[in-house]
Asks: 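Before I ask anything, let me first share the structure, which is written out below as structure tokens.
By convention in this document, chain letters (A, B, ...) are assigned in the order of the sequence lines, proteins followed by strands, and residues within each chain are numbered from 1. Worth saying up front: this structure is predicted, and the values here are computed from it rather than measured.
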2 protein chains.
Amino acid sequence: MQLKSLRLLVAVADTGSFGAAAKRLHTVQSNVTTHIKKLEEELGVQLIHRAGRVRPTSAGLALVEYAERMLSAHDEAVSLFKGQEKACGRLRIGAMETTTALRLPPILAAYHAAQPDVDIQIKTGPTAELVELLLNGQVDCVFVAGRLEHGRYHSLKAFSEQLVLVGSTPMTKMPSSQALLTSAFLAFRQGCSYRQRIELLLASQGVNAGRIFEFGSLDAMLGCVAAGMGYTVLPRGTVDAHQHRFGIHTLALPASIANIDTYFVAPEPETWTPALASFAETLRDAVVVNEPQLTAS
Amino acid sequence: MQLKSLRLLVAVADTGSFGAAAKRLHTVQSNVTTHIKKLEEELGVQLIHRAGRVRPTSAGLALVEYAERMLSAHDEAVSLFKGQEKACGRLRIGAMETTTALRLPPILAAYHAAQPDVDIQIKTGPTAELVELLLNGQVDCVFVAGRLEHGRYHSLKAFSEQLVLVGSTPMTKMPSSQALLTSAFLAFRQGCSYRQRIELLLASQGVNAGRIFEFGSLDAMLGCVAAGMGYTVLPRGTVDAHQHRFGIHTLALPASIANIDTYFVAPEPETWTPALASFAETLRDAVVVNEPQLTAS
DNA sequence: CGCTACTATCTTGTTTATAGATAACCTGAC
DNA sequence: GTCAGGTTATCTATAAACAAGATAGTAGCG
């Protein structure tokens, strides 16, 4: 049973004529006869009344109903890839908590305005988890800290973040090793790339193993920092956006520790649905506006 | 885009290997490659990651979802016609009010027991309307009074009915012409074949145009007869079944007027779905039990 | 570095699809 | 009844597509 044959069957049922059906599907009448006959032989049932007016038999009518379901699914699938201008379908994005909170909203807003027919799904998590999701095909693209080494993926430097030390009291210089040792550090759960920077920072201050508490959400973490529970390390933009809600203070870190880039990573462009391709384009435009020097690989 | 290709795509996504997909669908690996490649060319998107583990790209995953919808619709459609033993789908039956009330229940019960997966739909109406429904393909088969002359239909004598005169008082002989003239006659709406018999009866008694009231339901009609509103003509079996509910009395009519056969009429057997073929068989069995001499044409 | 398992490509023979020409058919009108 | 108009079925030659096997190329693993 071929979709072509079913389309002809539906056309015959619609038009009430083999010739008209042929014309509608840009073929000739003899082919319509052949296709219908083949369907009938395959199913062992007469599908079309030929004597007198041409019209579907009750068996034909029943098949037409299924044919319409199949054909509409087919047409919808084709429009996923060949939709003119307007993409549709689904876009699954993975991103870090901080990226989702600070960077994504304006981009998603612009994308949704351009492609209103795409369902957007966001999953948040630390970098290591996101990479896993991407490799397993559970998301279509991710925003992660650091370029993905894996060769067969497309990376685009999306955002440059500057990490700052966040504490509950004003700071003018790095806290002493003693202070760092006795304080706790607050970080996202295992796999968060910012957490590695905390460890780098502690090492640079000659402190080897501070206590690290794990948090799942940004709000909880900042709340605890404000309450004097300890320090954390976050992108400056993220802290600035929340500063009015919490009594927190920041201290710039040395560039080697502070500078960290967020990359947009997705499989090779050849595998992109129009929905994803359009998102990458939206992102590239947004990045160019904010930061003219961009790097793709 | 062919169903065959989609089935291969699903198999590749399932098994994670072109070779295994080929084996599952009884073909060779090179054909799988060709089909997938053709799909990819047609849609302009890579559907399967080949490097490393073979697995669908996000575009491929999206297509697989639609492919599964199309294939399940296809398989369901095929099972409509090629279902082993158990028919499925829908069976639309048209029948007269009296047939539906008296004759159909045991047959439908037997049929439903044999084919529990078939949805049964009953439409009731007078013979003329039922024939119209059948000719328009709005029902799959009908039970009507009298054989359908139309050559391209299959007829089977299903039930023999004996019409009786029904009134509110005991009768031992035909009411006088005078009584008939002053009484009303109650019948189903235009197109009912029993109604023609009423007119025949009146004509045979030398009465040309009695008043005839039209009713839509059997219960209403019998209730009005019992209330002394007038006479009606119905199959004996139907009246017997309702006699305990109404105070009504019957009188046998001359055979030429009384005997009327109910026929099962459907399009040619070549156009039958398994659901309809199985129903015809159930009916034939039931008819043979009740009345060994049956006539098919 | 070679082994293993896999996919891509090429080739061959066969099958199937297409379009056109023609025959057979039904229907309605005269 | 017969004829005209429109419709479907059949046939045929050409072109396209397909299936299977053999072979070449490639990635991953020890």
Asks: Below 4.0 angstrom, which residues in residues 35-43 of chain A have at least one non-hydrogen atom near DNA chain D?
Replies: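 Result for residues 35-43 of chain A: A:K37, sorted by number.
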Asks: Tell me which pairs pass side-chain hydrogen bond (donor to acceptor under 3.5 Å, both in side chains) where either residue lies in residues 36-46 of chain A, with sequence neighbours left out.
Replies: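 Sorted result for residues 36-46 of chain A: A:E40-A:R50.
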Asks: Along DNA chain D, 5' to 3', what are the outermost nucleotides having an atom less than 4.0 Å from a heavy atom of chain A?
Replies: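 Nucleotide range in contact with chain A: D:dT8 to D:dG28.
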Asks: Would you say A:E268 and A:Y153 are linked by a side-chain donor-acceptor pair, where the criterion is simply a distance under 3.5 Å?
Replies: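 Absent: no donor and acceptor within the cut-off.
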Asks: Among residues at least two apart in sequence or on other chains, which ones pass side chain to side chain donor-acceptor pair (under 3.5 Å) with B:S5?
Replies: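 Applying side chain to side chain donor-acceptor pair (under 3.5 Å) to B:S5 gives B:H35.
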Asks: Given the rule in the salt bridge (charged side-chain N to carboxylate O under 4.0 Å, His left out) test, do B:R195 and B:E214 qualify, once you have shown the distances and angles that lead to the verdict?
Replies: CA-CA 10 Å; B:R195 181 171 173 160; B:E214 291 189 5; 2.8 Å; yes
Asks: Tell me if a side-chain donor or acceptor on B:Y194 pairs with a main-chain N or O of B:I260 at a distance below 3.5 Å.
Replies: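 No, because the side chain of B:Y194 does not come within donor-acceptor range (under 3.5 Å) of the backbone of B:I260.
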Asks: Excluding sequence neighbours, so at least two apart, what forms side chain to side chain donor-acceptor pair (under 3.5 Å) with A:Q29?
Replies: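 So A:Q29 forms a side chain to side chain donor-acceptor pair (under 3.5 Å) with A:T33.
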Asks: Taking A:T57 for the side chain and A:L47 for the main chain, is one N or O donor matched with an acceptor at less than 3.5 Å?
Replies: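 Side chain of A:T57 to backbone of A:L47, a donor-acceptor pair under 3.5 Å: yes, one is there.
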Asks: Determine the minimum heavy-atom distance between B:A95 and B:T100, stating which atoms define it.
Replies: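 Nearest pair, atom of B:A95 first, then B:T100: CB-OG1, 3.5 Å.
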Asks: Would you mind classifying the nucleic acid contact of A:V54 as base, sugar-phosphate or nothing, using non-hydrogen atoms under 4.0 angstrom?
Replies: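 Answer is sugar-phosphate: A:V54 comes under 4.0 Å of backbone atoms only.
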Asks: Which atom pair, heavy atoms only, marks the closest approach of B:H154 to B:P269?
Replies: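 Of all heavy-atom pairs spanning B:H154 and B:P269, the closest is ND1-CG, 3.8 Å.
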Asks: Could you go through the salt bridge (charged side-chain N to carboxylate O under 4.0 Å, His left out) check for A:D119 and A:R90 one step at a time?
Replies: CA-CA 5 Å; A:D119 288 332; A:R90 184 184 60 185; over 6 Å; no
Asks: Quick one: salt bridge (charged side-chain N to carboxylate O under 4.0 Å, His left out) pairs with a partner in residues 133-144 of chain A, sequence neighbours left out?
Replies: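 Residue pairs with at least one partner in residues 133-144 of chain A: A:R92-A:D140.
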Asks: 5' to 3' on DNA chain C, which nucleotides open and close the contacts with chain A (atom under 4.0 Å from a heavy atom)?
Replies: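 It runs C:dA17 to C:dT27.
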Asks: Do A:T15 side-chain atoms and A:A11 backbone N/O form a donor-acceptor pair below 3.5 Å?
Replies: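 Present.
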Asks: Looking at B:L8 and B:N31, what are the two nearest heavy atoms and their distance?
Replies: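 So the two residues come closest at CD1-O, 4.5 Å.
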Asks: Taking side chain to side chain donor-acceptor pair (under 3.5 Å) as the test, write out the residues that go with A:D75, two or more places apart.
Replies: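 Scan of A:D75 (side chain to side chain donor-acceptor pair (under 3.5 Å), adjacent residues dropped) gives A:R7.
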Asks: Specify the residues of residues 1-18 of chain B, ordered by number, for which at least one heavy atom lies under 4.0 angstrom from an atom of DNA chain C.
Replies: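 Within this stretch, B:S17, B:F18 sit under 4.0 Å of the strand.
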Asks: Ring-plane angle category for A:F159 and A:F143, please: parallel below 30°, perpendicular beyond 60°, tilted otherwise.
Replies: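 The rings of A:F159 and A:F143 lie parallel, inter-plane angle below 30°.
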Asks: Compute the bend angle of the helix from C:dC1-D:dG30 to C:dC30-D:dG1 from the end axes (five pairs per end), rounded to 10°.
Replies: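 It comes to 30° between the two terminal axes.
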Asks: What residues from residues 20-28 of chain A pass a heavy-atom cutoff of under 4.0 Å to DNA chain D?
Replies: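 Within residues 20-28 of chain A, no residue comes under 4.0 Å of DNA chain D.
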Asks: Using heavy atoms to find the nearest nucleotide of DNA chain D for A:S30 and B:A51 separately, return the residue whose nucleotide is more 5′.
Replies: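 Nearer the 5' end of the strand: A:S30.
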Asks: Which residues pass the side chain to side chain donor-acceptor pair (under 3.5 Å) test with A:D117, sequence neighbours left out?
Replies: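 Partners of A:D117 under the side chain to side chain donor-acceptor pair (under 3.5 Å) test: none.
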Asks: Can B:R24 and B:D14 be counted as an ion pair, charged N to O under 4.0 angstrom?
Replies: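 Between B:D14 and B:R24 there is a salt bridge, with a charged N closer than 4.0 Å to a carboxylate O.
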